[in-house]
Each structure stands twice: as structure tokens, then as C-alpha cells.
2 protein chains.
Amino acid sequence: MANGRSMQPITRKERDFARREQEILDAALSLFNNPSWEQVTVDQIAKEAEIGKGTVYKHFSSKDEIYACIALEFHERLLANFKMINHDQPVDQVMREVIRHSFTLYLDCQAHARVSLYCKRADYVERLSEVYQDKFDQVEKSFEASIGSILETGIEQGVIPKRPYHHLIIGLEATFEGAMSMIWNTDISCRSQLEQDEFITVISEYMVAGLMGLRA
Amino acid sequence: MANGRSMQPITRKERDFARREQEILDAALSLFNNPSWEQVTVDQIAKEAEIGKGTVYKHFSSKDEIYACIALEFHERLLANFKMINHDQPVDQVMREVIRHSFTLYLDCQAHARVSLYCKRADYVERLSEVYQDKFDQVEKSFEASIGSILETGIEQGVIPKRPYHHLIIGLEATFEGAMSMIWNTDISCRSQLEQDEFITVISEYMVAGLMGLRA
DNA sequence: CGAATTGTGTGACTATTGGTCATATTATGA
DNA sequence: TCATAATATGACCAATAGTCACACAATTCG
């Protein structure tokens with residue numbers, strides 16, 4: 001519940017409660033690690049976490065809220081990865097790093113990433129409480145700030161065409177999310193590691209070409 | 001059911017049965033025309049078509065099969081649109097037309113298009129009967145043939161970098177599907193027509209730049 | 001014509017699952 | 001030790017995908 005995630009746990013009881021919450025999320029994530037993750041039931045999550053179903057609802061007001069927590073944590077992780085990039089390289093190199101870090105994290109944390117993508121769907125956002133909608137809006141702004149400053153530097157250096165932020169980002173965002181969907185939608189078992197690396201290499205090259213190739 | 005869709009209806013009874021099938025699909029499509037289309041129930045579809053729920057299942061073995069029929073019809077429509085394009089123009093212009101036709105059709109037939117996108121999800125395909133999986137594979141091959149021949153012409157003319165078909169198509173496909181998701185995921189009410197046109201124009205420019213910008 | 005057969009329509013029924021809640025259990029503190 | 005409060009729980013409810021026994025209509029056959 002909201003308090004559990006926003007305040008520091010003090011007493012033993014509160015620590016236990018907070019730990020249980022993480023256990024629920026971990027249980028959920030371990031079950032979400034496959035393409036049919038949407039079929040996972042709250043009961044299964046409870047069983048995996050070795051608690052009763054009612055207990056899950058003591059921590060999260062709905063299944064959707066579990067998704068939201070996972071997505072938000074993932075977005076923070078992605079943002080943290082972006083901040084680790086050396087911003088003193090040439091801007092095109094920085095953007096390549098951004099793309100590479102994104103693919104790497106999405107593939108390393110498939111469960112998180114799948115849930116995050118799901119949480120962008122209009123029907124999901126619609127039924128989400130305002131509190132969480134705001135949190136997602138906040139995350140969106142952080143990304144805009146993070147990538148925006150890189151692109152701005154690029155524009156100043158004349159490496160990136162002089163266009164409003166949204167013109168520059170929408171193509172990259174669309175391609176990235178479409179590409180991840182394609183990777184997940186292709187039966188993993190019939191795709192060799194080499195093929196996947198090749199896929200990502202080609203997509204990345206295309207993304208950079210698309211970005212740089214816009215008319216200034 | 002399978003026969004209904006593959007043979008010509010002869011008797012009065014068969015014609016009625018076939019018409020009812022189309023009525024069910026039309027009812028479904030009219031209800032699918034909003035972002036929460038996945039919440040539409042079989043009962044609602046039956047009510048909209050003014051029949052009992054059981055009757056729906058006389059025509060389609062599952063809700064998923066309704067989706068499949070809608071998606072397959074849509075893909076045929078898209079292919080037909082591609083065939084209408086004048087292939088004698090310069091190849092880059094043909095590709096721009098392909099992209100434009102795709103966006104136009106996806107926006108004109110949002111219900112069909114949403115369902116089609118849904119039908120690419122791995123978990124959906126997994127639970128689909130082999131018959132329908134094969135049909136989707138067939139459609140995939142048709143698209144590959146259609147676009148592939150355009151790209152090949154482009155390579156011969158030196159307009160498109162000499163790369164295997166998959167290298168050329170994956171970026172376009174990823175961007176297009178990601179872009180449509182973004183359009184649908186953004187609350188329609190808070191997006192003006194102008195913004196949407198601008199979005200598509202920019203994305204199209206980016207797609208062409210990405211395609212042409214690959215190293216030969 | 002009437003009976004039999006075949007195909008179609010139907011809604012009550014089942015199974016599953018997200019979410020609720022009264023009750024049981026446990027921890028804390030006087 | 002007992003009272004109070006916080007937490008855990010699974011029986012329960014509501015919604016919904018899918019089933020099925022039966023009703024009904026049309027077509028065929030005697």
C-alpha cells in the first residue's frame with residue numbers, strides 16, 4: 001500500500017511488511033518471465049510468494065497496481081543506466097550508447113520490460129488511479145529531460161538536425177518499442193542468439209540513420 | 001466455422017448462416033472501436049448482433065478465432081492496397097506510398113488494426129489452432145513477396161542499400177507498429193488532427209531516412 | 001401430408017479468476 | 001496476563017469464456 005512504499009520502515013513489524021511486499025513483487029516477476037505472463041493469476045503469485053491471496057491485496061489494491069510498481073521500478077533503473085553514460089563523447093556516440101543500454105536492460109529484465117510495455121496501453125492507464133498516472137507522467141518527464149539534453153547538445157554541435165524534441169524522439173521511441181515487441185513475439189526457441197544480436201545491431205543502425213537523416 | 005469461410009454458400013440455409021457470421025464480425029468490430037476493446041465480452045457481441053451467446057460459438061470456436069478472422073481480413077485489405085500502388089515510380093517514392101497507405105488504412109480501420117496488432121502477440125499465437133497459425137504464416141509470406149520485390153528493384157537501381165530483405169524491413173516494421181501503438185496509447189481526445197498528421201509525417205520521414213541510411 | 005433427420009439457435013450451467021471481507025492470528029505494550 | 005491494533009487468510013462474490021442439452025425450423029423421405 002501507498003505508505004509501505006513511501007516511508008522508511010522503522011519497527012520490526014514494518015520491516016517485515018515491507019519485505020513481504022518485495023517478496024510479492026519478486027514472486028510475480030519470476031512468474032512473468034515468459035510470453036504468457038498475462039495469464040498469471042493473483043492466486044499463483046500468492047502461492048509463489050507462499051502467502052494467501054488476501055494478503056496480496058493488503059499490499060496492492062489491484063493486480064494493475066502490481067504491474068505499476070514493477071514498471072516504475074524498471075523505468076527508474078533505465079534512467080539510472082542513462083545517467084551512467086559518459087556524456088562527454090560525441091553526441092552520436094552517446095545516442096548509440098543510449099540505444100545499446102536500452103536493449104541490454106530490456107533483454108536482461110524481460111519480465112520488468114514486458115510489464116512496462118503493457119503499462120503504456122491506453123486501456124490500462126485509463127483504469128489506473130490518478131496517483132499512479134501522475135507517477136508515470138513524472139517518469140515520462142524525467143526521460144524527456146534526460147534524452148532532451150543530449151539531443152540539444154547534438155543540435156548545438158550540428159550533429160543532430162534542428163527539430164523540436166518530439167520530432168527527434170518519436171521515431172526512436174516507436175522503433176524501440178516495436179522492436180522489443182517483435183523480439184518477444186518471435187518464439188524465443190526458434191531464434192538463435194546470433195540472430196538476436198544481428199537484429200539489434202541492424203535496428204540500432206537504422207535508428208541512428210533515421211534520427212540523423214531528418215531534414216534540419 | 002471452417003467450412004463457412006472456405007466454401008461458397010449454395011442453399012438458402014447456407015447463405016443465411018454465412019450472413020449471420022458476417023453480422024457477428026460486424027457487431028464485434030463496432031464494439032472494438034475504442035481503446036478498451038479487449039474488455040468487450042462475447043455476451044456483448046452476441047447482444048449487439050441480436051443473437052444468443054451460444055450461436056456465436058456455432059460460428060467461431062473461441063473469441064480468439066473471431067480476432068483471427070478480423071485480422072486476416074484486414075491483412076488482405078492491406079495487401080490489396082499495396083497492389084494498387086503504381087510500381088513504376090522511383091522506388092523511394094513507392095516506399096513512401098507504402099508507408100502512407102499503411103498509416104491511412106490503420107487509421108481508417110482502427111478496430112481491425114488493433115485486433116491485428118493483438119494477433120501478433122506470442123501468447124496469442126501460441127494458443128491459436130495450427131490452421132490459423134498457417135494462415136498467418138501465409139499472410140506473412142505474401143507481405144514479404146510484395147515488399148521484397150519493391151526493395152529488390154530499389155537495390156538494383158542503387159536507391160536502397162544492398163542488404164538482405166530482413167535487414168531492410170525490420171526497422172520499418174518495428175517503427176510502424178510502435179508508431180501505431182503510440183497513436184492508440186495517447187488519449188485520442190487530447191490529440192488534434194493536426195498533431196496526428198504531423199506525427200505521421202515526421203515518422204514517415206524518419207522511416208525513409210533510416211532505410212536509405214543503412215550502410216550498403 | 002406426417003415423420004424423421006439434420007442443422008441451427010439458445011440460455012442455463014460450469015470453471016476460472018479478480019477482488020472483498022469477516023474472522024483468525026500475531027505482535028506490542030500496559 | 002490481557003487489551004488493542006495490525007496483519008494474514010481463505011471462503012465468498014461477481015464477471016466472463018466456453019459447454020451442452022434441448023428447442024425449433026427446415027429439408028427430406030415414406
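In what follows, chains carry the letters A, B, and so on, assigned in the order in which the sequence lines appear, proteins first and then strands, with residues in each chain numbered from 1. Source: prediction; values computed, not measured.
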Give each protein N/O atom lying under 3.5 Å from an N/O atom of nucleotides 21-25 of chain D, with the pair distance.
none

Using side chain to side chain contact (heavy atoms under 4.5 Å, CB included) as the criterion, list what pairs up with [X], not counting sequence neighbours.
X	value
A:Ser62	A:Asp64, A:Glu65
B:Val40	B:Leu31, B:Phe32, B:Gln44, B:Ile45
B:Asn86	B:Asp88, B:Gln89

With sequence neighbours excluded, residues passing salt bridge (Lys or Arg N to Asp or Glu O under 4.0 Å) with [X]:
X	answer
B:Glu48	none
A:Glu173	none
B:Arg19	B:Asp16

- [ ] Identify which nucleotide among D:dA17, C:dG9, C:dG19 has an atom closest to any side-chain atom of B:Arg20, counting heavy atoms from C-beta outward.
- [x] C:dG9
TODO: Can you sort out the partners of B:Tyr118 under side chain to side chain donor-acceptor pair (under 3.5 Å), two or more places apart, ordered by chain and number?
DONE: B:Arg127
Open item on the list: Can you tell me which residue among B:Trp37, B:Phe60, B:Tyr132 is in a ring pair (Phe, Tyr, Trp, His ring centres under 6.0 Å) with B:Tyr67?
Closed with: B:Trp37
TODO: State whether a side-chain donor-acceptor pair under 3.5 Å links B:Asp134 with B:Gln138.
DONE: no
How many Å lie between [atom1] on [X] and [atom2] on [N], as a whole number?
X	N	atom1	atom2	answer
B:Arg19	C:dG9	CZ	C1'	15 Å
B:Glu21	C:dG7	CD	P	17 Å
B:Phe60	D:dT19	CZ	P	15 Å
A:Tyr57	D:dC13	OH	C1'	13 Å
A:Gln39	D:dA17	CD	C1'	12 Å
A:Leu31	C:dG18	CG	P	12 Å

- [ ] Ignoring hydrogens and angles, answer whether the base of D:dG18 and the side-chain atoms of B:Lys63 contain a donor-acceptor pair closer than 3.5 Å.
- [x] no
- [ ] For A:Val40, answer base if it contacts any base atom (sugar-phosphate contacts may also be present), sugar-phosphate if it contacts only those atoms, and nothing otherwise; contact means non-hydrogen atoms under 4.0 Å.
- [x] sugar-phosphate
Task: Distance test, side-chain N/O of B:His59 to OP1/OP2 of C:dG9, below 4.0 Å - done: yes
Task: N or O in side chain of B:Thr55 less than 4.0 angstrom from C:dT8 OP1/OP2 - done: no
Open item on the list: Using a strict heavy-atom distance below 4.0 Å, which residues from residues 114-125 of chain A are in contact with DNA chain D?
Closed with: none
Can you give the donor-acceptor pairs under 3.5 Å from side chains of residues 146-153 of chain A to other protein atoms, not counting sequence neighbours?
| unit_1 | atom_1 | unit_2 | atom_2 | d |
| --- | --- | --- | --- | --- |
| A:Ser149 | OG | A:Ser146 | O | 3.3 |
| A:Thr153 | OG1 | A:Ser149 | O | 2.8 |

TODO: Please list residues of residues 41-48 of chain A whose heavy atoms come under 4.0 Å from any atom in DNA chain C, ordered by number; otherwise none.
DONE: A:Thr41, A:Val42
In residues 195-204 of chain B, what donor-acceptor pairs under 3.5 Å come from side-chain atoms, sequence neighbours left out?
| unit_1 | atom_1 | unit_2 | atom_2 | d |
| --- | --- | --- | --- | --- |
| B:Glu195 | OE1 | B:Ser192 | N | 3.1 |
| B:Asp197 | OD1 | B:Gln193 | NE2 | 3.2 |
| B:Glu198 | OE2 | A:His167 | NE2 | 2.6 |
| B:Thr201 | OG1 | B:Asp197 | O | 2.8 |
| B:Ser204 | OG | B:Ile200 | O | 2.7 |

Open item on the list: For B:Ser62 and A:Lys53, find the nucleotide of DNA chain D closest to each by heavy atoms; which residue's nucleotide sits nearer the 5' end?
Closed with: A:Lys53
